[in-house]
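What follows is a short report on a single structure.
From a predicted model like this one, the values you see are computed outputs, not experimental measurements.
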Amino acid sequence: MNASHMRELKQVAALLQADARIVWPKQRVEDGGVLIVRVDAIGDYMLFRHALKALRSVPDFAGERLVLCGNAVWQELAEALDKECFDDFIPVSRDAFMRNIRYRHGLLQELHAQHFHCAMQPTFSRDYIGDSCIMAAAASRAVGFDCPPQNIQPHLLAFFNRRYTELVPPSKSFPFETERNWEFLAYLGASYADRPSYQETFPERLCICLAKPLRRFLGSPVLFMGASSPSKRWPAACFAQVARRVANMFGKKVLLTGGADAAKAITVVQGLCGDVSVPLVETSLVELAALLAHAPLVVSNDSVGAHMGATWDVPTVIVANGQHRGRFHPYPAEVAPRVRTVYPPTCAISARNLYYADAPYPIEDVPVAAVFEAMETVLAMV
């Protein structure tokens, strides 16, 4: 157990001690509707959207007020793409939740005061933040996945499990994340006949709102270089080779994006091939979505860029380190046919169960030639 993990355990233990001072009685008046807690990352939300769209079709929730308690990072995206799926949005700052006791208790008290009669957390890998929100809501019906202790320590998982009235038993197989999300909806009573397609057409109304400097890049190929973890970031020198090949294929400059975590890598690529690339470090999520949805090709680390490309049926190549293989990638053909994932040569799914594994293979071993081959494959698909 490394030092950072030990610090995290001590931090969570201190937070639990602070939270223990608050008593969350069961609600006597439950007229606030249904709470959906989903506080994980942007890519997780992109994979969950097709299930969210079907929630209103569940008989138990017909005509109910649906409140989405989500990660503040993707609030703008959710309200732009899926406003018809929920009535209100309660944003959660993960950083403030873990560092600021006043913020955390204020948010939890707000959730409790809403008088929800049902609270659910469809996230398969539950964590301390999402479970704390469910506990504070104190709804008479609380539904969550009976999940493995992946993002939460076993003793904490057992503690929070007692705060749920229903734990959804996951299938014993290792399904792709969209299928796992649908398991939850099916448990609630959603019909497979109401299951929407994962892929969709990007709403053109959002393109009209693009600033003029960005509008001229609609239709440009995109390299998405950001990722939540350094182990998921393919080297900038490799992206530079791809940038030159892609610019030559399409006869136009390549957009380099990925957010603040990719800024250094984008600078390196720009220095190596500035004549064929344009850096776009600062864009809103909606702007990023519009650019990706209209790209003729997306090459992305295993990150939100990959899931956006897949959502809008863009030819997409994902460069991945093998972590969570089978769960978040590769995309099944029936979900997103024009997506291919490239792994390090040593990554063999038969060697170990990568569905839950935390130890990735070295992403720098992914060959540029293999990415070129995957690009040719997805571009040849109609």
Side-chain angles (χ1 to χ4, degrees), residues 4 39-48 71-74 77 94-95 125 127 150-151 176-177 221-243 246 254-270 272 277 279-285 287-289 291-292 295 297-311 314 316-331 336 339-344 346-347 354-368 370-371 374-375:
S4 64
V39 294
D40 40 7
I42 306 167
D44 299 296
Y45 179 70
M46 292 300 300
L47 287 161
F48 175 65
N71 193 329
V73 170
W74 46 259
L77 191 67
R94 293 184 62 88
D95 185 65
S125 298
D127 67 4
Q150 183 185 10
N151 288 341
F176 189 68
E177 189 72 354
V222 178
L223 303 188
F224 189 90
M225 302 167 62
S228 57
S229 167
S231 67
K232 290 185 175 184
R233 297 174 198 157
W234 201 37
C238 297
F239 269 115
Q241 293 182 60
V242 173
V246 171
V254 180
L255 302 185
L256 310 174
T257 188
D261 59 277
K264 184 176 179 179
I266 288 173
T267 300
V268 172
V269 175
Q270 181 68 3
L272 292 171
S277 63
L280 289 175
V281 177
E282 294 185 7
T283 59
S284 71
L285 274 179
E287 290 169 340
L288 172 66
L291 294 170
L292 287 164
L297 174 69
V298 171
V299 179
S300 174
N301 290 323
D302 170 22
S303 188
V304 60
H307 300 306
M308 285 186 173
T311 296
V314 176
T316 300
V317 176
I318 305 171
V319 184
N321 62 14
Q323 192 175 29
H324 296 299
R325 181 170 178 174
R327 182 175 177 186
F328 299 112
H329 52 76
Y331 268 81
V339 179
R340 291 293 181 273
T341 306
V342 186
Y343 301 99
T346 52
C347 178
L354 296 172
Y355 194 81
Y356 299 119
D358 291 327
Y361 289 89
I363 196 168
E364 59 269 20
D365 289 351
V366 173
V368 174
V371 173
M375 285 162 43

Minimum heavy-atom distance [X]-[Y], with the two atoms named:
{"X": "L272", "Y": "A237", "value": "CD1-CA, 4.3 Å"}
{"X": "F224", "Y": "S303", "value": "CE2-OG, 3.5 Å"}
{"X": "A295", "Y": "P221", "value": "CB-CA, 4.3 Å"}
{"X": "I318", "Y": "A306", "value": "CG1-CB, 3.5 Å"}

- If only atom types and distance count, is the side chain of R94 paired as donor or acceptor with the main-chain N or O of N71 below 3.5 Å?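 Judged by distance alone, no pair lies under 3.5 Å.
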- Query: With distance as the sole test, does T257 use its side chain to make a donor-acceptor pair with the main-chain N or O of L280 at under 3.5 Å?
  - Reply: yes
- Could you check if a side-chain atom of L292 sits within less than 4.5 angstrom of a side-chain atom of T316, using non-hydrogen atoms only?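 No, side chains not in contact.
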- Answer whether the closest heavy-atom distance between the side chains of V371 and Q241 falls below 4.5 Å.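 Contact flag for V371/Q241 side chains = no.
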For the [atom1] atom of [X] and the [atom2] atom of [Y], what is their distance to the nearest 0.5 Å?
{"X": "L288", "Y": "M308", "atom1": "CG", "atom2": "CE", "value": "5.0 Å"}
{"X": "H329", "Y": "H324", "atom1": "NE2", "atom2": "NE2", "value": "8.0 Å"}
{"X": "T341", "Y": "R325", "atom1": "OG1", "atom2": "CZ", "value": "8.5 Å"}
{"X": "I42", "Y": "L285", "atom1": "CD1", "atom2": "CG", "value": "4.5 Å"}
{"X": "M225", "Y": "C238", "atom1": "CE", "atom2": "SG", "value": "10.0 Å"}
{"X": "D40", "Y": "S125", "atom1": "CG", "atom2": "OG", "value": "8.5 Å"}

- Message: Going by side-chain contact (heavy atoms from CB on, under 4.5 Å), V246 matches just one of V298, L297, V222. Which one?
- Response: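 Checked V298, L297, V222 against V246; only one passes side-chain contact (heavy atoms from CB on, under 4.5 Å): L297.
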- Item | Listed partners of F239 passing ring-ring contact (aromatic ring centres under 6.0 Å, His included), at least two apart |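 Here the qualifying residues are W234.
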- Among all residues two or more places apart in sequence or in another chain, which pass the ring-ring contact (aromatic ring centres under 6.0 Å, His included) test with Y331?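 With sequence neighbours excluded, Y331 shows a ring-ring contact (aromatic ring centres under 6.0 Å, His included) to F176, Y198, H307, given in chain and number order.
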- Item | Set of salt bridge (charged side-chain N to carboxylate O under 4.0 Å, His left out) partners for R327, sequence neighbours left out | E177
- Message: Just to verify, what does D95 make a salt bridge (charged side-chain N to carboxylate O under 4.0 Å, His left out) with, not counting sequence neighbours?
- Response: R99
Side-chain atoms of residues 261-269: list all donor-acceptor pairs with protein atoms under 3.5 Å, sequence neighbours left out, distances to 0.1 Å.
from: D261; atom 1: OD2; to: A227; atom 2: N; distance (Å): 2.8
from: T267; atom 1: OG1; to: A263; atom 2: O; distance (Å): 2.9

- Apply side chain to side chain contact (heavy atoms under 4.5 Å, CB included) to N321 and list each qualifying residue two or more places apart in sequence or on a separate chain. S231, K232, Q323, P360, I363
- Passes side-chain contact (heavy atoms from CB on, under 4.5 Å), V366 versus Y361? Steps please. CA-CA 10 Å; V366 173; Y361 289 89; over 6 Å; no
